[in-house]
Amino acid sequence: MNDRPAGAGGIGRAGVGARPVRTDITASTAVRYALVPVPRLSLAAVALRSGLHPDLIRRFVALGLVDAERDSAGRLVFDPTAPAVLARIQRLRTGLCLNYASIGLVLDLLDRISLLEAALRGRGTRSETPPWT
């Protein structure tokens, strides 16, 4: 038997730089390997798509509001969803006049709410008790 993860060698290999991808953040620590390279955006591309200055995006990365990785040359690379995350941050900043520390808290809470709503939709049933309102 081969003890290597799927896609980690042999025919049909995704390439030397294949990255592991987490399948489910909350349920398990299972890792699967992408068969094709995951597209990444450079800092300049994210700045152009979001309309924000690259220094502000770097600050968001330093504050932990936006996820980024470093490529082999040390430059920041982002997921394709980064411009949408940046737009969400800007809406919270301008619409609710929140500082960046509170924006991080609000983003975490919104993500938790989304996960809980998805879990409820996945179960397909509602609570048998009537709503409290």
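Side-chain atoms are counted along with the backbone in the values below, which use heavy atoms only and exclude waters and symmetry mates. Quick caveat, the model's predicted, so the values are computed rather than measured.
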Heavy-atom distance under 4.5 Å between the side chains of Leu43 and Arg75, does that happen here?
no

Heavy-atom distance under 4.5 Å between the side chains of Arg49 and Leu41, does that happen here?
yes

Do Ile57 and Val66 make a side-chain contact, defined as non-hydrogen atoms from C-beta onward lying under 4.5 Å apart?
no

Atom of Pro39, atom of Pro80 and distance for their closest heavy-atom approach
O-CD, 3.4 Å

Could you walk me through whether Leu76 and Arg70 pass the side chain to side chain contact (heavy atoms under 4.5 Å, CB included) check?
CA-CA 5 Å; Leu76 289 173; Arg70 300 264 179 196; 3.7 Å; yes

Evaluate side chain to side chain contact (heavy atoms under 4.5 Å, CB included) for Leu52 paired with Gln90, printing each intermediate quantity in order.
CA-CA 9 Å; Leu52 298 175; Gln90 287 302 106; 3.9 Å; yes

Got a second to check how far Ser114's OG is from Leu109's CG, nearest 0.5 Å?
11.0 Å

Looking at Thr81, is its backbone amide N or carbonyl O close enough to the side chain of Asp79 to form a donor-acceptor pair, meaning the two atoms are under 3.5 Å apart?
no

Nearest 0.5 Å, please: how far is CG in Leu115 from CG in Leu110?
11.0 Å

Does one hydrophobic cluster hold both Val77 and Leu48, with members joined at side-chain heavy-atom distances below 4.5 Å?
no

Starting from the C-alpha separation in whole Å, work towards a yes-or-no answer on side chain to side chain contact (heavy atoms under 4.5 Å, CB included) for Leu98 and Leu105.
CA-CA 10 Å; Leu98 299 174; Leu105 177 64; over 6 Å; no

Taking atom CG of Asp108 as the centre, report whether more than 12 heavy atoms of other residues, nucleotides or ligands fall under 6.0 Å from it.
yes

Rounding to 0.5 Å, atoms CZ (Arg93) and CG (Leu65) come to a distance of 10.5 Å

May I ask you to test the Val85-Phe78 pair for a side-chain heavy-atom distance under 4.5 Å?
no

Spacing of Leu116 atom CG and Arg121 atom CZ [to the nearest 0.5 Å]
10.5 Å

